[in-house]
Asker: 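Quick one: the structure is below, and I'll ask about it shortly.
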Amino acid sequence: MVNLRPNLGGLLALALFSTGTLARVCKPRDVPITYEAEDALLTGTTIDTAQAGFTGTGYVTGFDESTDKVTFTVSSPSQKLYDLSIRAAAIYGDKRTHVILNNGAASEVYFAASTSFQSVPAGQVLLHAGENTIDIVNNWGWYLIDSITLTPSAPRPPPQINANLNNPAANSDAKALYAYLRSIYGKKILSGQQELSWANWIAQQTGKTPALVAVDLMDYSPSRVERGTVGTAVEEAITHHNRGGIVSVLWHWNAPVGLYDTEENKWWSGFYTRATDFDIAATLAAGPGNANYTLIIRDIDAIAVQLKRLQSAGVPVLWRPLHEAEGGWFWWGAKGPEPAKELWNLLYERLTVHHGLNNLIWVWNSVLPEWYPGDETVDILSVDVYAQGNGPMSTQFNELIELGKDKKMIAAAEVGAAPLPDLLQAYQANWLWFAVWGDSFINNVEWNSVETLNTIYNHEYVLTLDEIQGWRG
Ligand SMILES: *[C@@H]1O[C@H](CO)[C@@H](O)[C@H](O)[C@H]1NC(C)=O
């Protein structure tokens, strides 16, 4: 393996000449290091030179078997975070590849179709001191790999989070919560759990209770109530609030009408696109007066009743309706971004202006810019991530920094695997909170072992219920 340390001699001489001080140039902190693929270890792959524009003496191709790969050995003077980029040519169309650091979990990198070699951002890698390996492994194959470049990640500048909530009439409970969240953002993470019963289960396993509990207004959806459901989420939220906790609320909004209610798609799956032919685009286009539009308003008003119970009980709510819209698997996202954003605006207007709900902090839950309803109705950004390995989810965090221009705090509103605090800090993935989904995730060793939960819940970086007492100030 060739040791490709950067040659700093020239840089040093140049800097000395221009500044005359050695101190300025001693740390080669931000110098990118490039490793040529043709110098790396090839497994089932070959070196070629037919495609012009490569650097060095060639590039690597022939990723056709699932085990085919190129292994780069890279070194770091200390444990350190780097931005990784891959110089590649996807000359046969859009492709995906797998990147594996030190034989650990694979991350996926997308190469847009191109006729020449391009440098593609490939996320961040945390290298340990000494030698590390980075594998690029066959995924879709049919791409040419020229080189990789590692650049030490710049430290995050301090965030510039908006001082106030969007709603000018926000009540003192919501303002107090928002002020508290701002005070901890970037310094600590709030532990969180979906459902009160699972939060209490965590207390039994770890001796610590989550700071935040998330509940679901699903069973207050009129099309479920008609079929006999009885919601308990409001009581659970008040219980957690009364013990000094923070509450987040989502709503699996069962479609008001058009439920298939078949063997495969029961009425209680009615928030899924696959379970209803309810058409939000047509309904919004038809507007007030249309029977289905009236049903939408009826449903929002029913949910307002529940949110008012929370407001009366003094509970500020991290309110996350229309979650995962961009996924398209829920009916509110099934017709693309425009109806989803319009429905968000309708919800915002109906709940804050019409119903005077001033205890809500509005949490948006998609990443893509074309889905974003806008800064004026969104207080906090979030995303749901289901990836095993208890990783920091830094790719999604970085995407949301971009979306909110670092003016909105960012939450991991639903995760399958709770993130390990040491990795969060190393990757500067400063999520405001994480909340693990309930049954079959929090209690499933493939996602979260009890040992890992103990590490997380007893870590100084992670805030638990006992540590946030008095957040109202
Ligand atoms: C309301 O939605 C249902 C379910 O998609 C549909 O069958 C019906 O035609 C719609 N009604 C109106 C008035 O648009």
Side-chain angles (χ1 to χ4, degrees), residues 215-234 249-308 319-355 357 360 362-368 370-374 377-378 382-384 386 413-414 437:
V215 299
D216 192 340
L217 297 184
M218 175 169 76
D219 279 338
Y220 303 96
S221 303
S223 71
R224 296 172 92 87
V225 174
E226 283 164 10
R227 291 165 169 87
T229 62
V230 180
T232 55
V234 171
V249 175
L250 84 154
W251 179 22
H252 278 99
W253 184 349
N254 225 64
V257 67
L259 306 176
Y260 297 144
D261 198 12
T262 57
E263 210 39 56
E264 314 81 68
N265 292 301
K266 295 285 198 190
W267 59 266
W268 39 259
S269 320
F271 40 83
Y272 282 118
T273 301
R274 60 170 165 78
T276 176
D277 66 3
F278 184 70
D279 184 337
I280 187 58
T283 301
L284 292 172
N290 171 274
N292 287 347
Y293 192 95
T294 304
L295 289 176
I296 284 288
I297 299 296
R298 174 203 66 172
D299 284 12
I300 297 172
D301 291 353
I303 286 314
V305 170
Q306 304 307 324
L307 293 170
K308 279 179 190 168
W319 169 232
R320 185 169 67 96
L322 309 189
H323 67 294
E324 301 174 16
E326 68 189 353
W329 43 76
F330 298 134
W331 59 260
W332 50 87
K335 303 291 171 181
E338 295 315 317
K341 288 188 278 191
E342 196 179 335
L343 185 57
W344 174 271
N345 290 337
L346 177 63
L347 265 172
Y348 188 89
E349 196 280 335
R350 189 81 187 168
L351 294 179
T352 53
V353 182
H354 180 83
H355 286 294
L357 279 159
L360 305 180
W362 288 74
V363 182
W364 179 244
N365 188 231
S366 290
V367 172
L368 295 172
E370 58 270 34
W371 289 77
Y372 185 50
T377 55
V378 172
S382 69
V383 64
D384 297 352
Y386 285 84
E414 268 177 46
W437 197 251

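Computed from a prediction, not measured in an experiment: that's the story for all the values here. Values below: every heavy atom of this structure, side chains too, minus hydrogens, waters and symmetry copies. In each ligand, atom 1 is the first atom listed, and ligand 1 is the first ligand listed.
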Asker: If you count only heavy atoms, which residues are under 4.0 Å from ligand 1?
Answerer: V257, G258, D277, F278, N290, N292
Asker: Residues in side chain to side chain contact (heavy atoms under 4.5 Å, CB included) with D277, at least two apart?
Answerer: Y260
Asker: Centroid-to-centroid, W344 to W362, below 6.0 Å?
Answerer: yes
Asker: State whether the side chain of Y372 and the backbone N or O of V378 hold a donor-acceptor pair below 3.5 Å, judged by distance alone.
Answerer: no
Asker: Does a donor on one side chain and an acceptor on the other come within less than 3.5 Å for W251 and S221?
Answerer: yes
Asker: Are the aromatic ring centres of W332 and H323 under 6.0 angstrom apart?
Answerer: yes
Asker: To the nearest 0.5 Å, tell me how far K308 NZ sits from L357 CG.
Answerer: 6.0 Å
